[in-house]
Structure formats: C-alpha cells, structure tokens
Amino acid sequence: MTLWQGRFSAGPAEQLLAFTASLAFDRRLASDDLAGSRAHVRGLGRAGVLDDAEVEAILAALDQVDQELTGATFAFAPGDEDIHTAIERRVTELAGSAGAKLHTGRSRNDQVATDLRLWCKRELTEVGRAVVDLQQVLFDRATEAGDAYLPGYTHLQRAQPVLLAHHLLAHGWALARDVDRLVDARRRLDVCPLGAGALAGSSLPLDPDGVAADLGFAARFDNSLDAVSDRDFVAEALFALALLGVHLSRLGEEVVLWSSDEFGFLGLHDAWSTGSSMLPQKKNPDVAELARAKAGRLVGHLTGVLTVLKGLPLAYNRDLQEDKEPLFDAVDQVTLALGALAGLLASATFHTHRMQEAADGPAAAAVDLAEHLVAAGMPFRSAHSLVGGLVRGEGEGQRSLANAVEVDPALGPAAAALLAPGVAVTRRTTPGGAGPGPVALQLERFAERLAAEREQLAAGGPARA
Ligand code: ARG
C-alpha cells in the first residue's frame, strides 16, 4: 500500500515501484526528514491545527522512529516509496489518528526540498572542514620547507625558480576560494521551503516563519512555486564541488609528475602508494591518479543535474528526484579525495636536492640578467634580446652562458654572480612573489585565512553527528 492509494482502484505495478522508488538513496535524509517533521508538527500546534496531545503523540512517535532508524530496527514496508512515506507510515502506526495528521498542510514537495537543504547546510560545512584540513597540511609542509626551491614551470618547461612553500601554497589559495564558495552556497541555500505545500501554500493557518526559525534557517521562502521547484542550491553545490574536484585533480597531477623517476621531486610513503600485481619494483601514485580522475565524475554530476533542470516547467516534477544521487555521490567522492590527498601529502618526502638541482641551471636566471641590464638603464626589449642571444650561443655550442656573461661588456662578473645556484629565487622580492621575503609574509596571511575559514565554518553549526 502506498500513502496515496485512495484515488486508485488498483495497486501500483511492481515495476512502477522499482522505477520510481527513491528509498534506496534518500534514506540518507532520514535525520533531516525527522527534524523537518518535528518542526512542522510544532508549527501546526502553534497554529492550533493540532492540539497539545496530538503534537505530543506525534513527537513521541517521531522519537521512536528516530530510535528505530538509528538502531537499524526500523522495518521498511514494500509500499515505502521514499524515506518520507516510510516515516509517515510508521508514525501513523505508532500514533494512530494523531499520526495520520502529521502530513496536514504539507506535501512531499516542500518536505523533500526542506530535507535536502538541511542536508546540504550540514554536509557542505563538513566538506569545507575537510578542505581546511588539507589546507593545513599544505601550510605545515610549506612552513617546514623553509628556503627549499624548485623550478617553476610554464608550458611544463622550466621557467624560474620558486620556493617550494610558494608552490604548495598556490594550491592552498585555490582551496581557500573553494571554501569561500561552499560557505557562499550555504548562505544562499539557507531558506526554508516548508509551508509551500504541493505548490501553492495552504488554507490552514501554517506558520512558515516560525517553522523556518525552528529549523535554524535564516529565512522562509517568498514564493511557494519557486520554493518547491528551486534546485539552484543543488546545482551550486555541485559546481562548488566540481571546481574543488578540478583543483584536487591538478594537485593530483603534480603529485604524479613529481613522484615519477623523471622528476624525482617527491617520495610517497609506503602507506600512501600502491604496488603492481606483476612488476615487483613498482610503487605507484594511485591515490593521486584517482584524485585526478574524480573531477570527471564531479563535472558529470553537475552537467547531469543542470540537464535535468533545463526546460522543467513549474512547479514540482518527479524529475527533481534525480537531484539526490549525484549530490550525495559528489559529497562522498570529494570527501574521500580530500582525506586521501591530505594523508598522502602529510607523509610524503620532498627531495629538495633534486628540486634545487633542476632549478639551478643558469638559464633559469636569464630574466635576472635582463633585469640587471634594465637596472643599468637598458630598455627591457634590448636586454631580453641580448640575453636571448647569449642563451642561443650556449645552445649552439659556443661558450657557456656563465662564461659569456662574464666577458660581455654590458654584463660582467657582477651579472655572472646572479647565475650562482640559489641566487635567482632570492631576487623574487615583490608582493605575492616566489622569494623568501614575500613568502614569509604570505605564510602569515595564509594562517590568518585558515583561521577565518574555520570561524566561518563553525558559524554553520555543529559537525556531523
Ligand atoms: N522522492 C521524491 C523526490 O525525491 C519526493 C517527492 C515526491 N513528490 C511527488 N509529488 N511525487 O523528489
């Protein structure tokens, strides 16, 4: 039996139920559904639609359902299409005629939208916390990296030396924007749809403002049609998660590159690498590869949900049920990837000698030579051309760059000193630059940013139970 059987003379086909049921995945909304029902019932009590005894009876039944669900003793029935109908059925069994009043003035349309917003508020906060944990690892590793440096790349060609701390924090700042986006998405979705009913509100004296406040929402909906059909918050959450996934993917790719023999910049801890079933010597960066790959799945979820929403007429359509699996999976996958990358990076070894060796080629300081000439009054374009000529000469087997600089009348020994190992990186002195001066300041700013993120996330309420 379904809850809507009254209008029908025949029961639903088995295949209909198999196709339309969402219980298998929306069980994850159980605690939010219970919270929504409690607030709804209290609202009906305040409005005088239910008397005190009825409110008490329903709340007691909801508590009992809560215990059954958490203790895994809840017996689902064949007609339970989704978590909402399952809970209502059981409440009615437990509280009789009072229980049959639970759904007064409510539809599953405003109910499910409320549940999912409650779920998002909590889970996006949790994802934010996991991002901060990864940022903390990047910060710790950056702090301990001191003055170690490596080549910075453009086009994956060695360009200029940068501090390792600077490189690590570059990923950290991208993640900071992700936290910002999660918090921002959470702020915008903080609106309670309960009281919109199926689509048009109610003839009963509901109290949407009181219910919204009871549930900890910042506001109630303004338009009942919009309240039940709006899934912007799901799309926004999926975008924030997809872009976060893209950042993790880029980080993963660098771990893969750096841990290769060709780069040799990074050694993975045994606990965070995998072996080969055939090749005994292999030690593989599977964690980083999967982090790299998850972005594909996350972008797919975003695209999928946007495509479901596109062209839907107002108000609720069953299509909207397809919002949950992608959202749940996106949160799960991102959470796993964040934890795995944090573990991998916290335990990895940076081979800083190897990094510095790769960064110490004299050509990496070519722009310093040009800037040396600029400081002496030469136009940058002429300086660029002069130094470019010396680099070309070295490539063509003439004298070495160091030698050519030494004997060049415009350059000479003071300029040649700029090519010494470790010098170039110290000359990146401008704000936000890659040298020790600005990076020390950047570390301070990053620590402040981390503290601010923690504060914002704490304002989102308690952590997941
Ligand atoms: N399981 C449904 C969903 O996730 C709940 C809402 C059902 N509403 C309806 N009118 N059939 O969207």
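Counting starts at 1 for both ligands and their atoms, following the listed order. Counting from 1, the numbers follow the sequence of the chain as shown.
- Which parts of ligand 1 touch Val112 is read off a 4.0 Å heavy-atom cut-off, strictly below it: atoms 4 (O).
- Residue, atom and distance of the protein heavy atom nearest to atom 4 (O) of ligand 1 are Lys324 NZ, 2.7 Å.
- In terms of protein heavy atoms, atom 8 (N) of ligand 1 is closest to Asn109 OD1, 3.0 Å.
- Annotation: Arg231 places no N or O atom under 3.5 Å from an N or O atom of ligand 1; distance criterion only.
- Set against the non-hydrogen atoms of Ser22, the atoms of ligand 1 under 4.0 Å away are 1 (N).
- The line from CG of Leu244 to OG of Ser249 is 11.0 Å long, rounded to the nearest 0.5 Å.
- Just one of Asp33, Asp230, Asp190 meets the salt bridge (Lys or Arg N to Asp or Glu O under 4.0 Å) condition when paired with Arg117; it is Asp230.
- Within the 4.5 Å cutoff, no side-chain heavy atoms of Glu54 are placed close to those of Leu44.
- Taking the charged nitrogens against the carboxylate oxygens, Asp207 and Arg42 have no contact shorter than 4.0 Å, which rules out a salt bridge.
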Give the intermediate values and the outcome of side-chain contact (heavy atoms from CB on, under 4.5 Å) for residues Phe265 and Glu254. CA-CA 10 Å; Phe265 290 178; Glu254 291 203 331; over 6 Å; no
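- Here the heavy atom of the protein found nearest to atom 2 (C) of ligand 1 is Gln321 OE1, 3.3 Å.
- Asp82 OD2, 3.6 Å is the protein heavy atom nearest to atom 5 (C) of ligand 1.
- Residues Arg106 and His103 have side chains that bring a donor and an acceptor to within less than 3.5 angstrom of each other.
- The single protein non-hydrogen atom nearest to atom 12 (O) of ligand 1 is Tyr316 OH, 2.5 Å, given as residue, atom name and distance.
- The side-chain tip of Lys121 points at the ring of Phe217 from less than 6.0 angstrom away and within 45° of straight on.
- Only the side chain of Arg318 comes within 4.0 Å of ligand 1, judged by heavy-atom distances.
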